[in-house]
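Following: one structure in structure tokens, then a few remarks.
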Amino acid sequence: MITALGRWIIYRILDLSDLVDIILQACINIPATIRYGRRPVFTVFMKQVYFTGLEALKVIVVISLTIGVVIITQIISLVGAGNEILTGKVLIWVVIRELGPLLTAIVVIARSGTAIATELGYMKINNEIESIESLGIPAGQYLIMPRIFGVTTAVMILTIYFEIASIFGGFIVASIGWHVPFDRFSEGVFTSLTLKELGRSVAKSFFFGLFLSAACCKQGLGVGKSATQIPQAATKGVMQSLFLVFLLDGIITVVSLL
């Protein structure tokens, strides 16, 4: 039991080391990409932002409005309708601190993470990656780097939309259902909306985007010669991304409270 646990921990540390290496390599490739071939790489980057960010916006807005409604209903049922300032504060604490970055990352993993792992897996099987490299185009620079930074950018932008829509949805329900005045509600929101809270949310969405995209790229590139390995790679990418997102969420939360 202890041996199996130790082996599992060692494998997770090695996986994390590989992902850090992929992210660092993507950062190292930035200057070379700016000097040579930035236009095709920027095109791949923008396509990734469009697919991960813009096309997921409807889903994110619907989920965030629903979450805002559920949270505000639960808060008012607990503290009563006369505590507008406390209601606004709790909504900020729940949405900005935790649910905004976390649920946005989960939606991106389910939608874009599987797509990245599957796409790279098919490219690996069809020898498209070898063909790209045979033309003198570094695969890491053309395929991996724009996907990592594209997903990260999209996660950060979607998190902002998620948080705004949740707070807006919460206020609408509080205003219609319990006649909560805007000035009292906004007082609670803005007294809790500090730079530290915003910085924590930005840091979470940034690191979530980096590691979930790197994990899905790694699993996609790990596909061998069999097509049956592609769904396995997509599943591994999702599970590894979820594990990393929850791990990072705990680490950033603890560090920010020290």
Check the pair C216 / Q219 against side-chain contact (heavy atoms from CB on, under 4.5 Å), numbers first and verdict last. CA-CA 5 Å; C216 293; Q219 295 300 332; 5.8 Å; no

Do E130 and K124 pass the salt bridge (Lys or Arg N to Asp or Glu O under 4.0 Å) test, and can you show the C-alpha distance, the side-chain angles, and the key distance before you say yes or no? CA-CA 8 Å; E130 287 82 353; K124 188 80 182 296; 5.8 Å; no

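Within the 3.5 Å criterion, the main-chain N or O of V245 finds no donor-acceptor partner in the side chain of D249. S175 contributes no side-chain N or O that, together with a main-chain N or O of F171, makes up a donor-acceptor pair within less than 3.5 Å. A distance-only check finds a donor-acceptor pair linking the side chain of R147 to the backbone of L143 [under 3.5 Å]. Checking side-chain atoms of S134 against main-chain N and O of S131 turns up a donor-acceptor pair under 3.5 Å. Checked by atom type and distance alone, the side chain of T52 never pairs as donor or acceptor with a backbone atom of S112 at under 3.5 Å. Remark: the backbone N or O of S17 is not paired with any side-chain donor or acceptor of D21 at under 3.5 angstrom. Within the 3.5 Å criterion, the main-chain N or O of V69 finds a donor-acceptor partner in the side chain of T73. Side chain of S201 to backbone of L198: no donor-acceptor contact under 3.5 angstrom is found.
I148 and A26 get closest at one heavy-atom pair: CD1-CB, 4.2 Å. Here the closest heavy-atom approach between residue I125 and residue G224 is recorded as CG1-O, 3.7 Å. Residues I129 and A139 share a closest heavy-atom pair of CG2-CB, 3.8 Å. Taking every heavy atom of both residues into account, L210 and T152 meet most closely at N-OG1, 3.2 Å. The two residues P146 and Q141 make their nearest non-hydrogen contact at CD-O, 3.4 Å. Shown here for A215 and L244, the closest heavy-atom pair between the two residues is CB-CD1, 4.1 Å.
A 4.5 Å side-chain heavy-atom check between L16 and F211 finds at least one atom pair inside the cut-off. A 4.5 Å side-chain heavy-atom check between V223 and M123 finds every atom pair outside the cut-off. With contacts defined as side-chain heavy-atom distances shorter than 4.5 Å, the pair W93/E197 qualifies. With contacts defined as side-chain heavy-atom distances shorter than 4.5 Å, the pair M145/Q25 does not qualify.
The CZ atom of F207 sits 6.0 Å away from atom CD1 of I252, with the distance rounded to the nearest 0.5 Å. From L103, atom CG reaches atom CD of E163 across 10.5 Å, with rounding to the nearest 0.5 Å. For the atom pair I92 CD1 and F190 CZ, the distance stands at 8.0 Å (nearest 0.5 Å). For the atom pair CD1 of I60 and CD1 of I157, the computed distance is 12.5 Å after rounding to the nearest 0.5 Å.
Under 4.0 Å is where a charged nitrogen must lie from a carboxylate oxygen, and between E98 and K204 at least one such pair does.
Shown here are the ring pair (Phe, Tyr, Trp, His ring centres under 6.0 Å) partners of F149, two or more places apart in sequence or in another chain: there are none.
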